[in-house]
Amino acid sequence: MKKCITLLLAVTLVITLFAGCSAKENTNESTSKIKVVTTIYPMYDWIMNIAGDDKHTDITVLLNNGVDIHNYQPTADDIIKISTCDLFIYVGGESDKWVDDTLNSAQNKNMRVINLMDVLGESAKEEKIIEGMQAEAEHDHEGEEEKTEYDEHVWLSLKNASKFVDEITKVLCELDSKDTELYTNNASAYKEKLSALDKEYQQTVASSKNKTLLFGDRFPFRYMVDDYGLTYYAAFVGCAAESEASFETISFLANKVNELSLGYVMTIDGSDQKIAKTIIANTKTKNQKVLTLDSMQSITQEKIDSGENYLSIMQSNLNVLKEALS
């Protein structure tokens, strides 16, 4: 409720700001560029590859200060950026419930919007509690109809990324028809890179003796493991708020490490590794490594400026997978 009130106040502030400064909005600076706002980094990087440079687009990524997508709430400045952009791209999962109010108050009524979950349609996967996974604490919502929750970590599939690039390219071409050839050629070249990396993932899994990943952490990689037919175990679902695992969860995962003779326990970026280390401490050999996969749920501007990108992060994740599946 507090988050909703904060958001409504922010939206009100934006409307007030527009009323006070709308006369100053019509400057000719950057008018030739498509103003794009994305919530998370992968979308930003896809746009950069499709557009080719910053001559055609003016791109803002909102989550560039290390804030996790599950904890993000837009500031008044963020809402202003969204309200005046030409193209807004967001995931569309549970973490993006704030978007509807923001779009309803947008100044640019011709804004194009891409919801990645909508792009996937029936390919979007429901959140799944598997054996040994700790369910989220039940909340009392008497009288409310229980809604199906979908796994929102759709960007962690190279196959999905190719679909999203197609959709983004289509919209960019509609917004800037004179540069259609540039966008389509760049998208085609980028999709070849996505496909090549996808084949590397396929080959790695096909040649691996181990086909199971075990996470002492949240598990946002459902789309990725389903792409390659991997089995997985984890402490929590990808969007879980819990940070403390039960004795039963720790015991189950430690026994799985023993049963499968795993040499590792996995975590995601930003983890304190506490659960993973507790699992290891409860195995027979107690000598497993902690391996980390990057979920790209948060990123800092420093990392962006250093040259990290979607493909390089997914390549790094593949290198970690090679070690885990060996």
Side-chain angles (χ1 to χ4, degrees), residues 3 6-7 10 35-54 57-82 85 87-96 98-99 102 114 116 152-158 160-161 164-165 168 190 193-194 197 215-221 223-224 236 238-241 243 266-276 290-321:
K3 285 185 177 181
T6 302
L7 180 56
K35 293 173 65 176
V36 184
V37 175
T38 75
T39 52
I40 61 172
Y41 176 69
M43 309 161 181
Y44 169 92
D45 193 49
W46 297 333
I47 288 274
M48 289 294 290
N49 279 277
I50 298 166
D53 52 43
D54 60 0
T57 54
D58 179 7
I59 314 172
T60 298
V61 57
L62 298 179
L63 276 76
N64 66 348
N65 60 356
V67 175
D68 188 290
I69 185 174
H70 304 103
N71 300 318
Y72 169 75
Q73 284 293 308
T75 64
D77 186 52
D78 292 340
I79 294 172
I80 291 173
K81 289 175 182 176
I82 295 169
C85 73
L87 172 59
F88 176 56
I89 311 175
Y90 69 111
V91 176
E94 285 294 306
S95 298
D96 285 341
W98 56 270
V99 168
T102 302
I114 297 177
L116 299 189
E152 64 187 4
H153 307 91
V154 294
W155 62 90
L156 290 167
S157 159
L158 291 161
N160 285 352
F164 300 146
V165 167
I168 293 168
Y190 186 65
K193 295 178 182 179
L194 291 171
L197 187 54
F215 279 73
D217 210 329
R218 291 182 288 161
F219 184 74
F221 293 95
Y223 289 91
M224 187 187 78
F236 312 109
C239 292
S243 58
M266 307 198 81
T267 61
I268 64 172
D269 49 301
S271 171
D272 62 9
Q273 301 187 354
K274 179 181 176 182
I275 295 173
V290 176
L291 299 177
T292 301
L293 286 181
D294 192 333
S295 64
M296 290 183 270
Q297 295 177 101
S298 64
I299 198 167
T300 61
Q301 189 62 46
E302 289 75 19
K303 280 192 173 183
I304 296 174
D305 293 340
S306 72
E308 284 200 37
N309 57 60
Y310 179 78
L311 282 171
S312 70
I313 293 171
M314 291 298 284
Q315 180 67 61
S316 296
N317 282 344
L318 175 58
N319 296 337
V320 174
L321 277 184

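Keep in mind that the numbers below use all heavy atoms, side chains included, and drop hydrogens, waters and symmetry copies. Bear in mind that the values here come from a model prediction, so they are computed numbers and not experimental data.
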Exercise. Quick one: do Arg218 and Asp68 make a salt bridge, cutoff under 4.0 Å?
Worked result: yes
Exercise. Looking only at atom types and distance, does a side-chain atom of Tyr310 sit under 3.5 Å from a main-chain N or O of Trp155, one as donor and one as acceptor?
Worked result: yes
Problem set entry | Exercise: identify the closest heavy-atom pair between Thr267 and Ala276 | CG2-CB, 3.6 Å
Problem set entry | Side chains of Leu311 and Asn49 in contact at under 4.5 Å (non-hydrogen atoms) | no
Exercise. Between Gln297 and Gly238, which heavy-atom pair has the shortest distance, and what is it?
Worked result: OE1-O, 4.3 Å
Seminar exercise, completed: In this structure, CG of Asp294 is separated from CG of Asn317 (nearest 0.5 Å) by 5.5 Å
Exercise. Going by atom types alone, do Asn319 and Ser316 pair a side-chain donor with an acceptor below 3.5 Å?
Worked result: no
Exercise. Parallel, tilted or perpendicular: which fits the ring planes of Phe219 and Phe215, with parallel below 30° and perpendicular above 60°?
Worked result: perpendicular
For this session: Nearest 0.5 Å please: distance from the CE atom of Met266 over to the OG1 atom of Thr292.
Result: 7.5 Å
Seminar exercise, completed: So OG1 of Thr60 and CG of Asp77: to nearest 0.5 Å the spacing works out to 9.0 Å
For this session: Answer yes or no: is there a donor N or O on one side and an acceptor on the other, between the side chain of Glu152 and the main chain of Ser95, under 3.5 Å?
Result: yes
For this session: Without swapping roles, check the side chain of Asp269 against the backbone of Ser295 for a donor-acceptor pair under 3.5 Å.
Result: yes
For this session: Name the orientation class of the two ring planes belonging to Trp98 and Tyr72 (parallel below 30°, tilted from 30 to 60°, perpendicular beyond 60°).
Result: perpendicular
Exercise. Closest heavy-atom contact between Ile59 and Met48?
Worked result: CD1-SD, 3.4 Å
Problem set entry | Short side-chain to backbone donor-acceptor contact, Glu308 and Lys303, under 3.5 Å | no
Problem set entry | For the student: nearest non-hydrogen atoms of Pro74 and Ile79, plus distance | CB-CG1, 4.0 Å
Exercise. Mind checking whether Met296 and Met314 have side chains closer than 4.5 Å, heavy atoms only?
Worked result: yes
Exercise. Between Ile299 and Leu63, is a side chain to side chain contact (heavy atoms under 4.5 Å, CB included) present by the stated rule, with each step listed?
Worked result: CA-CA 7 Å; Ile299 198 167; Leu63 276 76; over 6 Å; no
For this session: Find the distance between OH (Tyr223) and CG (Leu156) and round it off to the nearest 0.5 Å.
Result: 10.0 Å
Problem set entry | Nearest-0.5 Å distance that lies between atom CD1 in Ile268 and atom CG in Leu291 | 14.5 Å
Problem set entry | Heavy-atom donor-acceptor pair, Asp45 side chain to Asn309 backbone, under 3.5 Å | no
Problem set entry | Step-by-step side chain to side chain contact (heavy atoms under 4.5 Å, CB included) determination, Asp217 to Ile275 | CA-CA 7 Å; Asp217 210 329; Ile275 295 173; over 6 Å; no
Seminar exercise, completed: Nearest heavy-atom approach of Asn65 to Thr300 is C-CG2, 4.3 Å
Exercise. Does Asp78 use its side chain to pair, donor to acceptor, with the backbone of Thr75 at less than 3.5 Å?
Worked result: yes
For this session: Could you pull out all residues at least two apart from Tyr44 that satisfy ring-ring contact (aromatic ring centres under 6.0 Å, His included)?
Result: Tyr41
Problem set entry | Pairwise side-chain contact, Leu321 with Met224, heavy-atom cut-off 4.5 Å (strictly under) | yes
For this session: May I have the step-by-step check of side chain to side chain contact (heavy atoms under 4.5 Å, CB included) for Phe88 and Val99, ending in yes or no?
Result: CA-CA 10 Å; Phe88 176 56; Val99 168; 3.8 Å; yes
For this session: Let me see the working for Val154 and Phe164 under side chain to side chain contact (heavy atoms under 4.5 Å, CB included), right down to the final yes or no.
Result: CA-CA 10 Å; Val154 294; Phe164 300 146; 3.8 Å; yes
Problem set entry | Ile82 vs Leu62 side-chain heavy atoms within contact, under 4.5 Å | yes
Exercise. Roughly how far apart are Leu87 CG and Ile168 CD1, rounded to 0.5 Å?
Worked result: 7.5 Å
